[in-house]
2 protein chains.
Amino acid sequence: MAYRETEKMRLRKAAARQRIAECTYECVAEGGFRNARITRIAQLADVATGTIYRHFESKEDLFAEIFRQATQREIAKVTKALATPGSATERLEKALRQFAERALKGPVMAWSLIAEPVDPKVEEERLAYRKAYAGLFEQAIREGIEEGCIPDQNARQSSTCLVGAIAESLVGPLSPTQTNLAAAKETENNDQLVNTIICFCLQGLTGIRR
Amino acid sequence: MAYRETEKMRLRKAAARQRIAECTYECVAEGGFRNARITRIAQLADVATGTIYRHFESKEDLFAEIFRQATQREIAKVTKALATPGSATERLEKALRQFAERALKGPVMAWSLIAEPVDPKVEEERLAYRKAYAGLFEQAIREGIEEGCIPDQNARQSSTCLVGAIAESLVGPLSPTQTNLAAAKETENNDQLVNTIICFCLQGLTGIRR
DNA sequence: GCTATTAGTGAATATTGATTCATTCTTTTG
DNA sequence: CAAAAGAATGAATCAATATTCACTAATAGC
(Lines give C-alpha, C1' and ligand atoms only; values in the text may rest on other atoms or scores of the structure.)
Protein backbone atom coordinates (compact mmCIF):
# COMPACT_ATOMS: atom_id res chain seq x y z
CA MET A 1 0.00 0.00 0.00
CA ALA A 2 1.69 3.17 -1.14
CA TYR A 3 -1.05 5.71 -1.75
CA ARG A 4 -4.13 6.69 0.14
CA GLU A 5 -6.24 9.80 -0.35
CA THR A 6 -5.14 12.36 2.18
CA GLU A 7 -6.96 15.39 3.50
CA LYS A 8 -4.94 17.71 1.32
CA MET A 9 -6.00 15.87 -1.81
CA ARG A 10 -9.60 15.75 -0.72
CA LEU A 11 -9.55 19.51 -0.38
CA ARG A 12 -7.87 20.01 -3.71
CA LYS A 13 -10.40 17.82 -5.46
CA ALA A 14 -13.25 19.61 -3.76
CA ALA A 15 -11.79 22.90 -4.90
CA ALA A 16 -11.53 21.70 -8.50
CA ARG A 17 -15.08 20.43 -8.40
CA GLN A 18 -16.26 23.72 -7.02
CA ARG A 19 -14.36 25.65 -9.67
CA ILE A 20 -15.98 23.57 -12.39
CA ALA A 21 -19.37 24.23 -10.85
CA GLU A 22 -18.74 27.96 -10.73
CA CYS A 23 -17.59 28.10 -14.34
CA THR A 24 -20.64 26.15 -15.41
CA TYR A 25 -22.82 28.65 -13.58
CA GLU A 26 -21.01 31.43 -15.40
CA CYS A 27 -21.56 29.76 -18.77
CA VAL A 28 -25.24 29.20 -18.09
CA ALA A 29 -25.71 32.75 -16.87
CA GLU A 30 -24.19 33.88 -20.14
CA GLY A 31 -26.11 31.82 -22.67
CA GLY A 32 -28.34 29.31 -20.93
CA PHE A 33 -27.89 25.57 -20.60
CA ARG A 34 -28.21 25.08 -24.30
CA ASN A 35 -25.08 27.05 -25.08
CA ALA A 36 -22.97 25.79 -22.22
CA ARG A 37 -20.39 23.54 -23.89
CA ILE A 38 -18.27 21.14 -21.88
CA THR A 39 -15.15 22.30 -23.73
CA ARG A 40 -15.87 25.92 -22.87
CA ILE A 41 -16.45 25.09 -19.22
CA ALA A 42 -13.19 23.15 -19.14
CA GLN A 43 -11.37 26.12 -20.66
CA LEU A 44 -12.79 28.52 -18.10
CA ALA A 45 -12.00 26.18 -15.21
CA ASP A 46 -8.55 25.58 -16.63
CA VAL A 47 -8.83 21.81 -16.69
CA ALA A 48 -8.96 19.22 -19.46
CA THR A 49 -12.37 18.16 -20.72
CA GLY A 50 -11.76 14.69 -19.37
CA THR A 51 -11.26 16.07 -15.88
CA ILE A 52 -14.84 17.24 -15.77
CA TYR A 53 -15.87 13.63 -16.13
CA ARG A 54 -13.77 12.67 -13.14
CA HIS A 55 -15.87 15.04 -11.04
CA PHE A 56 -19.27 14.60 -12.63
CA GLU A 57 -20.95 11.57 -14.17
CA SER A 58 -22.17 13.43 -17.23
CA LYS A 59 -23.11 16.84 -18.55
CA GLU A 60 -26.65 16.24 -17.39
CA ASP A 61 -25.52 15.50 -13.85
CA LEU A 62 -23.31 18.56 -13.81
CA PHE A 63 -26.17 20.73 -15.01
CA ALA A 64 -28.56 19.22 -12.50
CA GLU A 65 -26.19 20.09 -9.68
CA ILE A 66 -25.71 23.66 -10.90
CA PHE A 67 -29.44 24.03 -11.22
CA ARG A 68 -29.93 22.85 -7.66
CA GLN A 69 -27.31 25.24 -6.29
CA ALA A 70 -28.72 28.17 -8.22
CA THR A 71 -32.31 27.58 -7.19
CA GLN A 72 -31.41 27.15 -3.55
CA ARG A 73 -30.01 30.67 -3.59
CA GLU A 74 -33.16 32.07 -5.21
CA ILE A 75 -35.49 30.26 -2.89
CA ALA A 76 -33.54 31.46 0.13
CA LYS A 77 -33.91 35.09 -0.94
CA VAL A 78 -37.66 34.85 -1.40
CA THR A 79 -38.10 32.90 1.81
CA LYS A 80 -36.28 35.63 3.68
CA ALA A 81 -38.43 38.34 2.12
CA LEU A 82 -41.59 36.48 3.14
CA ALA A 83 -40.34 36.06 6.71
CA THR A 84 -40.23 39.81 7.47
CA PRO A 85 -42.90 41.33 9.72
CA GLY A 86 -45.94 43.01 8.17
CA SER A 87 -49.22 42.06 6.52
CA ALA A 88 -49.33 39.26 3.95
CA THR A 89 -49.77 41.80 1.17
CA GLU A 90 -46.72 43.74 2.30
CA ARG A 91 -44.63 40.62 2.57
CA LEU A 92 -45.77 39.43 -0.83
CA GLU A 93 -44.82 42.75 -2.31
CA LYS A 94 -41.33 42.43 -0.84
CA ALA A 95 -41.00 38.90 -2.14
CA LEU A 96 -42.21 39.80 -5.64
CA ARG A 97 -39.81 42.72 -5.72
CA GLN A 98 -36.98 40.47 -4.64
CA PHE A 99 -37.87 37.97 -7.34
CA ALA A 100 -38.19 40.65 -10.00
CA GLU A 101 -34.98 42.39 -9.12
CA ARG A 102 -33.00 39.16 -9.07
CA ALA A 103 -34.39 38.25 -12.48
CA LEU A 104 -33.53 41.66 -13.91
CA LYS A 105 -29.96 41.36 -12.67
CA GLY A 106 -29.46 38.00 -14.36
CA PRO A 107 -32.14 37.60 -17.00
CA VAL A 108 -30.51 34.69 -18.78
CA MET A 109 -30.09 32.68 -15.59
CA ALA A 110 -33.61 33.53 -14.52
CA TRP A 111 -34.91 32.34 -17.87
CA SER A 112 -32.86 29.17 -17.65
CA LEU A 113 -34.26 28.38 -14.23
CA ILE A 114 -37.83 29.23 -15.10
CA ALA A 115 -38.42 28.34 -18.70
CA GLU A 116 -35.50 27.00 -20.70
CA PRO A 117 -36.08 23.48 -21.99
CA VAL A 118 -33.64 21.15 -20.29
CA ASP A 119 -32.75 17.49 -20.08
CA PRO A 120 -34.82 15.15 -17.91
CA LYS A 121 -32.52 15.13 -14.89
CA VAL A 122 -32.46 18.91 -14.82
CA GLU A 123 -36.19 19.03 -15.37
CA GLU A 124 -36.52 16.94 -12.24
CA GLU A 125 -34.67 19.59 -10.31
CA ARG A 126 -36.95 22.19 -11.78
CA LEU A 127 -39.93 20.29 -10.50
CA ALA A 128 -38.58 20.60 -6.98
CA TYR A 129 -37.79 24.26 -7.59
CA ARG A 130 -41.20 25.13 -8.86
CA LYS A 131 -42.84 23.26 -6.02
CA ALA A 132 -40.79 25.22 -3.53
CA TYR A 133 -41.60 28.51 -5.25
CA ALA A 134 -45.26 27.90 -5.82
CA GLY A 135 -45.43 26.68 -2.24
CA LEU A 136 -43.93 29.87 -0.85
CA PHE A 137 -46.21 32.24 -2.72
CA GLU A 138 -49.18 30.00 -2.18
CA GLN A 139 -48.60 29.92 1.54
CA ALA A 140 -48.34 33.70 1.68
CA ILE A 141 -51.57 34.07 -0.30
CA ARG A 142 -53.30 31.68 2.08
CA GLU A 143 -52.12 33.74 5.02
CA GLY A 144 -53.43 36.85 3.28
CA ILE A 145 -56.82 35.22 2.84
CA GLU A 146 -56.92 34.34 6.53
CA GLU A 147 -55.79 37.80 7.52
CA GLY A 148 -58.51 39.23 5.31
CA CYS A 149 -56.26 41.42 3.17
CA ILE A 150 -56.69 39.10 0.15
CA PRO A 151 -60.10 37.82 -1.01
CA ASP A 152 -60.73 34.10 -1.11
CA GLN A 153 -59.31 32.41 -4.22
CA ASN A 154 -57.38 29.43 -5.52
CA ALA A 155 -53.99 30.24 -4.03
CA ARG A 156 -52.11 27.80 -6.22
CA GLN A 157 -53.49 29.16 -9.46
CA SER A 158 -52.94 32.73 -8.42
CA SER A 159 -49.34 32.07 -7.47
CA THR A 160 -48.81 30.64 -10.93
CA CYS A 161 -50.22 33.82 -12.45
CA LEU A 162 -47.82 35.87 -10.35
CA VAL A 163 -44.80 33.93 -11.50
CA GLY A 164 -45.99 34.06 -15.10
CA ALA A 165 -46.61 37.79 -15.18
CA ILE A 166 -43.19 38.50 -13.70
CA ALA A 167 -41.32 35.95 -15.76
CA GLU A 168 -42.84 37.10 -19.03
CA SER A 169 -42.29 40.76 -18.25
CA LEU A 170 -38.68 40.30 -17.27
CA VAL A 171 -37.21 37.38 -19.11
CA GLY A 172 -39.84 36.13 -21.52
CA PRO A 173 -39.87 36.47 -25.28
CA LEU A 174 -42.25 39.41 -24.98
CA SER A 175 -39.97 41.14 -22.55
CA PRO A 176 -38.81 44.62 -23.41
CA THR A 177 -35.31 43.69 -22.20
CA GLN A 178 -34.90 41.20 -25.02
CA THR A 179 -35.22 43.73 -27.77
CA ASN A 180 -33.76 46.67 -25.96
CA LEU A 181 -30.86 45.55 -23.81
CA ALA A 182 -29.40 49.02 -23.64
CA ALA A 183 -32.54 50.47 -22.11
CA ALA A 184 -32.73 47.58 -19.66
CA LYS A 185 -29.62 48.86 -17.97
CA GLU A 186 -31.20 52.14 -17.01
CA THR A 187 -32.02 51.63 -13.38
CA GLU A 188 -34.84 54.14 -13.46
CA ASN A 189 -36.63 52.28 -16.21
CA ASN A 190 -36.21 49.06 -14.31
CA ASP A 191 -37.68 50.51 -11.14
CA GLN A 192 -40.58 51.78 -13.17
CA LEU A 193 -41.02 48.37 -14.78
CA VAL A 194 -40.89 46.50 -11.48
CA ASN A 195 -43.44 48.87 -9.98
CA THR A 196 -45.84 48.38 -12.87
CA ILE A 197 -45.57 44.62 -12.62
CA ILE A 198 -46.05 44.55 -8.88
CA CYS A 199 -49.02 46.86 -9.16
CA PHE A 200 -50.57 44.53 -11.73
CA CYS A 201 -49.87 41.46 -9.59
CA LEU A 202 -51.20 42.87 -6.34
CA GLN A 203 -54.31 44.20 -8.04
CA GLY A 204 -54.78 40.81 -9.65
CA LEU A 205 -54.53 39.22 -6.24
CA THR A 206 -56.59 41.67 -4.19
CA GLY A 207 -58.83 43.49 -6.68
CA ILE A 208 -57.99 46.70 -4.88
CA ARG A 209 -56.79 49.67 -6.92
CA ARG A 210 -53.42 50.99 -5.77
CA MET B 1 -37.63 21.05 -75.82
CA ALA B 2 -39.43 18.02 -74.48
CA TYR B 3 -40.64 18.92 -71.00
CA ARG B 4 -42.29 21.93 -69.50
CA GLU B 5 -43.97 22.22 -66.15
CA THR B 6 -47.68 21.80 -66.67
CA GLU B 7 -50.58 22.86 -64.47
CA LYS B 8 -51.07 19.31 -63.27
CA MET B 9 -47.50 19.13 -62.01
CA ARG B 10 -47.73 22.54 -60.42
CA LEU B 11 -50.73 21.36 -58.44
CA ARG B 12 -49.08 18.12 -57.47
CA LYS B 13 -46.02 19.93 -56.21
CA ALA B 14 -48.14 22.40 -54.31
CA ALA B 15 -49.98 19.50 -52.71
CA ALA B 16 -46.75 17.84 -51.67
CA ARG B 17 -45.49 21.08 -50.21
CA GLN B 18 -48.72 21.52 -48.33
CA ARG B 19 -48.59 17.96 -47.03
CA ILE B 20 -45.08 18.51 -45.75
CA ALA B 21 -46.18 21.69 -44.05
CA GLU B 22 -49.11 19.94 -42.39
CA CYS B 23 -46.97 17.07 -41.14
CA THR B 24 -44.47 19.54 -39.76
CA TYR B 25 -47.27 21.30 -37.90
CA GLU B 26 -48.34 17.95 -36.52
CA CYS B 27 -44.80 17.15 -35.37
CA VAL B 28 -44.39 20.51 -33.70
CA ALA B 29 -47.78 20.26 -32.01
CA GLU B 30 -46.64 16.94 -30.63
CA GLY B 31 -43.21 17.75 -29.27
CA GLY B 32 -42.21 21.29 -30.16
CA PHE B 33 -39.72 22.45 -32.74
CA ARG B 34 -36.85 20.86 -30.92
CA ASN B 35 -38.19 17.36 -31.38
CA ALA B 36 -39.40 17.78 -34.92
CA ARG B 37 -36.92 15.72 -36.98
CA ILE B 38 -36.73 16.03 -40.72
CA THR B 39 -36.71 12.26 -41.07
CA ARG B 40 -39.87 11.96 -39.00
CA ILE B 41 -41.62 14.67 -41.01
CA ALA B 42 -40.60 12.91 -44.23
CA GLN B 43 -42.01 9.65 -42.89
CA LEU B 44 -45.34 11.22 -41.97
CA ALA B 45 -45.60 13.00 -45.31
CA ASP B 46 -44.60 9.81 -47.08
CA VAL B 47 -41.72 11.35 -49.02
CA ALA B 48 -37.96 10.91 -48.93
CA THR B 49 -35.94 13.22 -46.72
CA GLY B 50 -34.33 14.74 -49.78
CA THR B 51 -37.72 15.70 -51.16
CA ILE B 52 -38.26 18.09 -48.30
CA TYR B 53 -35.26 20.01 -49.51
CA ARG B 54 -36.79 20.34 -52.95
CA HIS B 55 -39.69 22.21 -51.38
CA PHE B 56 -37.92 24.13 -48.63
CA GLU B 57 -34.45 25.68 -48.49
CA SER B 58 -33.65 24.28 -45.07
CA LYS B 59 -35.18 23.07 -41.86
CA GLU B 60 -35.07 26.60 -40.55
CA ASP B 61 -37.03 27.90 -43.52
CA LEU B 62 -39.58 25.15 -43.20
CA PHE B 63 -40.05 25.91 -39.52
CA ALA B 64 -40.30 29.62 -40.17
CA GLU B 65 -43.10 29.04 -42.65
CA ILE B 66 -44.98 26.75 -40.29
CA PHE B 67 -44.58 29.28 -37.52
CA ARG B 68 -46.00 32.02 -39.73
CA GLN B 69 -48.99 29.93 -40.74
CA ALA B 70 -49.73 28.94 -37.17
CA THR B 71 -49.49 32.42 -35.74
CA GLN B 72 -51.68 33.90 -38.44
CA ARG B 73 -54.45 31.60 -37.31
CA GLU B 74 -54.01 32.60 -33.66
CA ILE B 75 -53.87 36.29 -34.37
CA ALA B 76 -56.99 36.07 -36.49
CA LYS B 77 -58.95 34.49 -33.63
CA VAL B 78 -57.96 37.14 -31.12
CA THR B 79 -58.53 39.94 -33.61
CA LYS B 80 -62.02 38.67 -34.18
CA ALA B 81 -62.75 38.47 -30.45
CA LEU B 82 -61.59 42.06 -29.99
CA ALA B 83 -63.75 43.26 -32.86
CA THR B 84 -67.06 42.31 -31.20
CA PRO B 85 -69.29 45.04 -29.77
CA GLY B 86 -69.10 45.90 -26.04
CA SER B 87 -66.88 47.76 -23.61
CA ALA B 88 -63.11 47.38 -23.81
CA THR B 89 -63.14 45.25 -20.67
CA GLU B 90 -65.74 42.93 -22.10
CA ARG B 91 -63.88 42.61 -25.38
CA LEU B 92 -60.62 41.96 -23.56
CA GLU B 93 -62.28 39.25 -21.55
CA LYS B 94 -63.47 37.57 -24.73
CA ALA B 95 -60.02 37.82 -26.27
CA LEU B 96 -58.26 36.46 -23.19
CA ARG B 97 -60.70 33.60 -23.05
CA GLN B 98 -60.10 32.86 -26.70
CA PHE B 99 -56.35 32.92 -26.14
CA ALA B 100 -56.58 30.71 -23.06
CA GLU B 101 -58.89 28.18 -24.64
CA ARG B 102 -56.75 27.86 -27.74
CA ALA B 103 -53.68 27.31 -25.58
CA LEU B 104 -55.45 24.65 -23.53
CA LYS B 105 -56.46 22.79 -26.66
CA GLY B 106 -52.91 22.66 -28.00
CA PRO B 107 -50.55 23.34 -25.13
CA VAL B 108 -47.40 22.18 -26.88
CA MET B 109 -48.06 24.31 -29.93
CA ALA B 110 -48.94 27.27 -27.73
CA TRP B 111 -45.71 26.85 -25.85
CA SER B 112 -43.74 26.55 -29.07
CA LEU B 113 -45.23 29.75 -30.40
CA ILE B 114 -44.85 31.69 -27.19
CA ALA B 115 -41.76 30.48 -25.46
CA GLU B 116 -39.80 27.67 -27.04
CA PRO B 117 -36.28 28.70 -28.01
CA VAL B 118 -35.97 28.60 -31.77
CA ASP B 119 -33.50 29.32 -34.53
CA PRO B 120 -32.93 32.90 -35.70
CA LYS B 121 -35.20 32.78 -38.74
CA VAL B 122 -38.05 31.43 -36.65
CA GLU B 123 -37.30 33.93 -33.92
CA GLU B 124 -37.77 36.64 -36.52
CA GLU B 125 -41.24 35.34 -37.20
CA ARG B 126 -41.89 35.35 -33.50
CA LEU B 127 -40.92 38.99 -33.35
CA ALA B 128 -43.66 39.79 -35.84
CA TYR B 129 -46.07 37.56 -33.92
CA ARG B 130 -45.39 39.14 -30.59
CA LYS B 131 -45.68 42.62 -32.07
CA ALA B 132 -49.04 41.73 -33.50
CA TYR B 133 -50.20 40.21 -30.23
CA ALA B 134 -48.85 42.87 -27.93
CA GLY B 135 -50.29 45.41 -30.33
CA LEU B 136 -53.77 43.92 -30.17
CA PHE B 137 -54.00 43.75 -26.38
CA GLU B 138 -52.25 47.06 -26.00
CA GLN B 139 -54.70 48.73 -28.33
CA ALA B 140 -57.64 47.30 -26.43
CA ILE B 141 -56.16 48.47 -23.12
CA ARG B 142 -55.67 51.95 -24.57
CA GLU B 143 -59.29 51.99 -25.66
CA GLY B 144 -60.30 50.94 -22.17
CA ILE B 145 -58.31 53.79 -20.68
CA GLU B 146 -60.05 56.25 -23.00
CA GLU B 147 -63.46 54.77 -22.27
CA GLY B 148 -62.69 55.05 -18.57
CA CYS B 149 -63.25 51.41 -17.70
CA ILE B 150 -59.50 50.82 -17.19
CA PRO B 151 -57.31 53.17 -15.13
CA ASP B 152 -54.36 54.88 -16.76
CA GLN B 153 -51.28 52.64 -17.04
CA ASN B 154 -48.48 51.50 -19.29
CA ALA B 155 -50.53 49.52 -21.79
CA ARG B 156 -47.54 47.72 -23.26
CA GLN B 157 -46.28 46.45 -19.93
CA SER B 158 -49.71 45.40 -18.82
CA SER B 159 -50.31 43.45 -22.00
CA THR B 160 -47.08 41.59 -21.37
CA CYS B 161 -48.29 40.71 -17.87
CA LEU B 162 -51.52 39.38 -19.35
CA VAL B 163 -49.74 37.12 -21.79
CA GLY B 164 -47.33 35.95 -19.09
CA ALA B 165 -49.99 35.09 -16.56
CA ILE B 166 -51.96 33.10 -19.11
CA ALA B 167 -48.97 31.41 -20.70
CA GLU B 168 -47.49 30.31 -17.40
CA SER B 169 -50.80 29.08 -16.08
CA LEU B 170 -51.61 27.07 -19.16
CA VAL B 171 -48.44 25.99 -20.87
CA GLY B 172 -45.56 26.99 -18.60
CA PRO B 173 -43.51 24.82 -16.30
CA LEU B 174 -45.81 25.71 -13.41
CA SER B 175 -48.86 24.71 -15.36
CA PRO B 176 -51.12 22.15 -13.72
CA THR B 177 -51.58 20.49 -17.10
CA GLN B 178 -47.93 19.55 -17.24
CA THR B 179 -48.02 17.43 -14.13
CA ASN B 180 -51.56 16.23 -14.36
CA LEU B 181 -52.52 15.57 -17.94
CA ALA B 182 -55.43 13.38 -17.01
CA ALA B 183 -57.08 16.10 -14.97
CA ALA B 184 -56.44 18.62 -17.72
CA LYS B 185 -58.90 16.80 -19.90
CA GLU B 186 -61.80 17.48 -17.59
CA THR B 187 -63.55 20.37 -19.22
CA GLU B 188 -65.04 21.56 -15.97
CA ASN B 189 -61.63 21.95 -14.39
CA ASN B 190 -60.45 23.83 -17.42
CA ASP B 191 -63.35 26.24 -17.31
CA GLN B 192 -62.64 26.84 -13.67
CA LEU B 193 -58.98 27.41 -14.42
CA VAL B 194 -59.68 29.83 -17.25
CA ASN B 195 -62.07 31.77 -15.08
CA THR B 196 -59.55 32.12 -12.29
CA ILE B 197 -56.89 33.35 -14.69
CA ILE B 198 -59.19 35.83 -16.37
CA CYS B 199 -60.34 37.11 -13.01
CA PHE B 200 -56.72 37.66 -12.00
CA CYS B 201 -55.91 39.39 -15.28
CA LEU B 202 -58.90 41.73 -15.29
CA GLN B 203 -58.36 42.65 -11.66
CA GLY B 204 -54.71 43.29 -12.42
CA LEU B 205 -55.75 45.55 -15.25
CA THR B 206 -58.62 47.40 -13.60
CA GLY B 207 -58.07 47.08 -9.85
CA ILE B 208 -61.77 46.36 -9.52
CA ARG B 209 -62.84 43.28 -7.57
CA ARG B 210 -65.04 40.94 -9.57
C1' DG C 1 14.49 7.11 -4.45
C1' DC C 2 11.07 3.59 -5.53
C1' DT C 3 6.56 1.83 -6.32
C1' DA C 4 1.67 1.69 -6.03
C1' DT C 5 -2.25 4.34 -6.67
C1' DT C 6 -4.94 7.96 -8.10
C1' DA C 7 -5.60 12.42 -10.78
C1' DG C 8 -5.32 14.77 -15.02
C1' DT C 9 -4.93 15.06 -19.98
C1' DG C 10 -6.68 15.76 -24.67
C1' DA C 11 -6.72 13.44 -29.07
C1' DA C 12 -9.60 9.96 -30.83
C1' DT C 13 -14.21 8.08 -30.95
C1' DA C 14 -19.23 7.93 -30.80
C1' DT C 15 -23.52 9.94 -31.55
C1' DT C 16 -27.05 12.50 -33.42
C1' DG C 17 -29.26 14.53 -36.99
C1' DA C 18 -29.20 17.96 -40.96
C1' DT C 19 -27.92 18.20 -45.68
C1' DT C 20 -26.12 16.67 -50.18
C1' DC C 21 -25.91 14.43 -54.57
C1' DA C 22 -25.34 10.56 -57.82
C1' DT C 23 -28.85 7.79 -59.33
C1' DT C 24 -33.52 6.36 -60.57
C1' DC C 25 -38.22 7.35 -61.74
C1' DT C 26 -41.90 10.45 -64.08
C1' DT C 27 -43.69 13.51 -67.06
C1' DT C 28 -43.88 16.06 -71.36
C1' DT C 29 -43.58 16.70 -76.09
C1' DG C 30 -42.26 15.81 -81.01
C1' DC D 1 -41.76 5.50 -78.58
C1' DA D 2 -37.53 8.31 -77.70
C1' DA D 3 -35.37 12.16 -75.91
C1' DA D 4 -35.26 15.88 -72.66
C1' DA D 5 -36.19 17.83 -68.47
C1' DG D 6 -37.46 17.75 -63.95
C1' DA D 7 -38.80 15.38 -59.52
C1' DA D 8 -37.89 12.06 -56.08
C1' DT D 9 -34.94 9.11 -53.64
C1' DG D 10 -32.16 7.70 -49.61
C1' DA D 11 -27.55 6.23 -48.58
C1' DA D 12 -23.44 8.76 -47.86
C1' DT D 13 -21.45 12.86 -46.00
C1' DC D 14 -20.79 16.53 -42.89
C1' DA D 15 -20.89 19.02 -38.62
C1' DA D 16 -21.14 19.73 -33.95
C1' DT D 17 -20.37 17.96 -29.45
C1' DA D 18 -20.44 14.76 -25.68
C1' DT D 19 -17.78 11.10 -23.97
C1' DT D 20 -13.97 7.79 -23.59
C1' DC D 21 -9.51 5.94 -22.67
C1' DA D 22 -4.53 5.08 -23.30
C1' DC D 23 -1.16 7.68 -21.54
C1' DT D 24 1.38 11.01 -18.44
C1' DA D 25 1.93 13.46 -14.05
C1' DA D 26 1.46 13.86 -9.23
C1' DT D 27 1.12 12.04 -4.58
C1' DA D 28 1.68 8.90 -0.55
C1' DG D 29 3.96 5.76 2.05
C1' DC D 30 8.00 2.96 2.62
Side-chain angles (χ1 to χ4, degrees), chain A residues 1-21 23-24 27-28 30-67 116-122, chain B residues 1-21 23-24 27-28 30-67 116-122:
Chain A
M1 183 179 62
Y3 180 96
R4 274 193 58 153
E5 189 182 65
T6 181
E7 188 58 17
K8 183 182 142 199
M9 276 311 281
R10 196 165 11 252
L11 288 174
R12 184 198 288 189
K13 278 204 287 177
R17 191 188 155 90
Q18 185 53 24
R19 200 168 60 252
I20 291 168
C23 294
T24 306
C27 271
V28 174
E30 210 174 278
F33 286 101
R34 185 153 91 146
N35 295 103
R37 312 259 171 263
I38 288 290
T39 49
R40 167 106 171 102
I41 294 167
Q43 266 179 8
L44 283 178
D46 202 29
V47 295
T49 57
T51 304
I52 290 183
Y53 288 86
R54 296 190 59 78
H55 292 280
F56 298 90
E57 274 284 303
S58 67
K59 193 175 103 140
E60 231 184 314
D61 277 297
L62 169 59
F63 282 3
E65 176 150 341
I66 268 53
F67 194 99
E116 182 180 6
V118 290
D119 289 321
K121 273 189 188 168
V122 183
Chain B
M1 184 178 60
Y3 179 96
R4 273 194 58 154
E5 188 182 65
T6 181
E7 187 58 17
K8 182 182 143 199
M9 276 310 281
R10 197 167 8 253
L11 287 175
R12 185 196 289 189
K13 278 204 286 177
R17 190 188 155 92
Q18 185 54 24
R19 201 167 62 253
I20 291 168
C23 293
T24 306
C27 270
V28 174
E30 208 175 280
F33 287 102
R34 188 154 88 147
N35 296 103
R37 311 260 170 263
I38 288 290
T39 48
R40 167 107 171 100
I41 294 167
Q43 266 179 6
L44 282 179
D46 201 30
V47 296
T49 57
T51 305
I52 290 184
Y53 289 87
R54 296 189 57 78
H55 292 279
F56 297 90
E57 274 285 302
S58 67
K59 192 175 104 140
E60 232 184 313
D61 276 298
L62 169 59
F63 282 4
E65 175 150 341
I66 267 53
F67 194 99
E116 183 179 4
V118 290
D119 288 322
K121 274 189 187 167
V122 183

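To find a chain, count down the sequence lines: A is the first, B the second, and so on, and within it residues start at 1.
- At a threshold of 4.0 Å, the pair A:Arg17-A:Glu65 counts as salt-bridged, since one of the basic side-chain nitrogens sits closer than that to a carboxylate oxygen.
- The distance from atom CD1 of B:Ile52 to atom P of C:dT20 is 13 Å, rounded to the nearest whole Å.
- With a 6.0 Å radius and a threshold of 12 heavy atoms from other residues, nucleotides or ligands, A:Glu5 has its CD atom above the threshold.
- When rounded to the nearest whole Å, the span between CG of A:Leu62 and C1' of D:dT19 equals 14 Å.
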Steps toward side chain to side chain contact (heavy atoms under 4.5 Å, CB included) verdict (B:Ile38, B:Tyr53): CA-CA 10 Å; B:Ile38 288 290; B:Tyr53 289 87; 3.9 Å; yes
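- Ionic pairing of A:Glu57 and A:Lys121 is not present here: no N-O contact between side-chain nitrogen and carboxylate oxygen is shorter than 4.0 angstrom.
- Contact between the side-chain N/O atoms of B:His55 and the OP1/OP2 oxygens of D:dA8 is found at a separation under 4.0 Å.
- Taking the nucleotide of DNA chain C with the nearest heavy atom to each of A:Ala16 and B:Tyr53, the more 5' of the two is matched to A:Ala16.
- Between the NZ atom of A:Lys59 and the P atom of C:dA14 there is a distance of 20 Å, rounded to whole Å.
- Between the side chain of A:Thr6 and the backbone N or O of A:Met9 there is no donor-acceptor pair closer than 3.5 Å.
- Taking atom CD1 of A:Ile20 as the reference point, atom C1' of C:dG8 lies 11 Å away to the nearest angstrom.
- Within a 6.0 Å sphere centred on CG of B:Asp46, heavy atoms belonging to other residues, nucleotides or ligands number 12 at most.
- A donor-acceptor contact shorter than 3.5 Å is absent between the side chain of A:Glu116 and the backbone of A:Gly32.
- For the pair B:Phe63 CZ and C:dA18 C1', the computed distance is 11 Å after rounding to whole Å.
- Against DNA chain D, the stretch residues 30-46 of chain B makes no heavy-atom approach under 4.0 Å.
- More than 12 heavy atoms of other shown residues, nucleotides or ligands fall within 6.0 angstrom of atom CD in A:Gln18.
- The phosphate of D:dG10 (OP1 or OP2) has no side-chain N or O of B:Thr49 nearer than 4.0 angstrom.
- In this structure, the side chains of A:Thr24 and A:Cys27 stay at 4.5 Å or more apart for every pair of heavy atoms.
- Using a 4.0 Å cut-off on heavy atoms, the residues of residues 6-15 of chain A that approach DNA chain C are A:Met9, A:Lys13, listed by number.
- Per the geometry, CZ belonging to A:Phe56 stands 15 Å off P belonging to D:dT20, to the nearest Å.
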